[in-house]
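Here, residue 1 is the first one in the sequence, and each next residue gets the next number.
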Amino acid sequence: MIPQRFQPLIEETQLLADAFVDAGKRLYLVGGIVRDTLLGRVRDELDLDFTTDALPTETQAILKRVGVQALWTQGERFGTIGAKLAGRTLEITTHRGEAYHPDSRKPDVVFSTDIEADLSRRDFTVNAMALELGTGSLRLVDPFDGAGDLMAAQLRTPLDPEISFSDDPLRMLRAARFISGYGLKPSNELVDAVERMADRLTIVSAERVRQELDKLMTVESPSAGIWFLVQTGLAGHFLPELPAMELEQDPIHRHKDVLAHTIAVVENTSTDKIVRLAALFHDIAKPRTRRIGPGGVSFHHHDVVGARMTRDRMK
């Protein structure tokens, strides 16, 4: 049975769903809004994501029939058509069964007519759920028991985690956000795969890594995710100064190590991204500046810029 809390979304998408059904196609609501609505979380953003068995050209024709205010096709190569309807931004993507090159995050897109194949290529089971619309009797498509994992607070991948992370290594970093943001515990198989494959993160652009780190920094309680990044070895591939702090004791403040102190500071600041990043970086130069102090004297700088200036002067 579909929870009553889905009713506003169902009513809002009725016109669009009926248009796809009339064209002999199926339409599914997917993505975070399905997950969060199941949890009873309020979503502030206006975007809605759908998947369909209609090809991109067929999707465009259907959207034009329902009178969209705008339509864009920049993502057509990847099966995605964007539109604005009744003030909402929509993205409708043809079911995909994609294959990735081992040295790239860019997929070779293969369209599919199978919703379960599409869901199997998604990052985590809690995101691999879809609500079929416009069929008269609504159906939650959940082939990998994402709803069960939400209730059990467990983080798993739909396919074997090695397949999922080989397809898209950024998913390993994204796991930290779901661990923190949703209080999910990663499965042993997921953790083992990340530890073995952490170096795959090096094929991901620095910009994408930064964007994902920014998202982690703005969840209510990011500490579990940060520890995950350090303990699995991921942090060493994009922010090696972070695990280095774990070996650095702080005799002044009597902390066991500087990393534990840093994560505690991050946890207890506001969720503002800049404040959180400042907290994360405030002691990050300690291991470096301890080693390069003039005359062997130990001293500290509390920001990366200070450490780099000191390093340059010592050359």
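By the 4.5 Å heavy-atom criterion applied to side chains, Met245 and His261 are not counted as neighbours. A heavy-atom distance below 4.5 Å is found between the side chains of Gln211 and Glu207. The shortest distance between side-chain heavy atoms of Thr73 and Pro56 does not fall below 4.5 Å. The side-chain heavy atoms of Leu119 and Pro158, taken from C-beta on, include no pair separated by under 4.5 Å. At least one side-chain heavy atom of Leu150 sits under 4.5 Å from a side-chain heavy atom of Met129. Within the 4.5 Å cutoff, the side chain of Val191 has no heavy atoms near those of the Val194 side chain.
The residues Asp214 and Lys273 are annotated as salt-bridged, a charged nitrogen and a carboxylate oxygen being separated by less than 4.0 angstrom.
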Subject >> Criterion side chain to side chain donor-acceptor pair (under 3.5 Å) on His95 and Thr51, from CA distance to verdict >> reply: CA-CA 6 Å; His95 298 332; Thr51 186; 2.8 Å; yes
**OP:** Could you give me the CA-CA distance, side-chain angles and deciding distance for Ile226 and Leu216, then say whether side chain to side chain contact (heavy atoms under 4.5 Å, CB included) is met?
**Re:** CA-CA 8 Å; Ile226 300 173; Leu216 172 61; 4.3 Å; yes
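Not one N or O on the side chain of Thr13 forms a donor-acceptor pair closer than 3.5 Å with the backbone of Leu16. The closest donor-acceptor contact from the side chain of Asn127 to the backbone of Gly31 lies at 3.5 Å or more, if one exists at all.
Side chains of Arg276 and Thr269: a donor-acceptor N/O pair is present below 3.5 angstrom, by distance only.
Summarising the geometry of Arg77 relative to Phe111, their closest heavy-atom pair is O-CZ, 4.1 Å, with the distance given to 0.1 Å. Residue Pro222 comes nearest to Glu220 through the heavy atom pair CD-O, 3.7 Å, listed as atom of the first residue, atom of the second, then distance.
Note: Phe124 and Phe165 have perpendicular aromatic rings, judged against thresholds of 30 and 60 degrees for the angle between ring planes.
Other residues, nucleotides and ligands contribute only 12 or fewer heavy atoms inside 6.0 Å of the NZ atom of Lys185.
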Let me have the donor-acceptor pairs involving side chains of residues 59-67, under 3.5 Å, with sequence neighbours excluded, atom names and distances please.
from, atom 1, to, atom 2, distance (Å)
Thr59, OG1, Leu55, O, 3.3
Gln60, NE2, Glu76, OE2, 3.2

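Tyr182 carries Arg41 over the face of its six-membered ring, with the cationic atom under 6.0 Å from the centre and within 45° of the normal.
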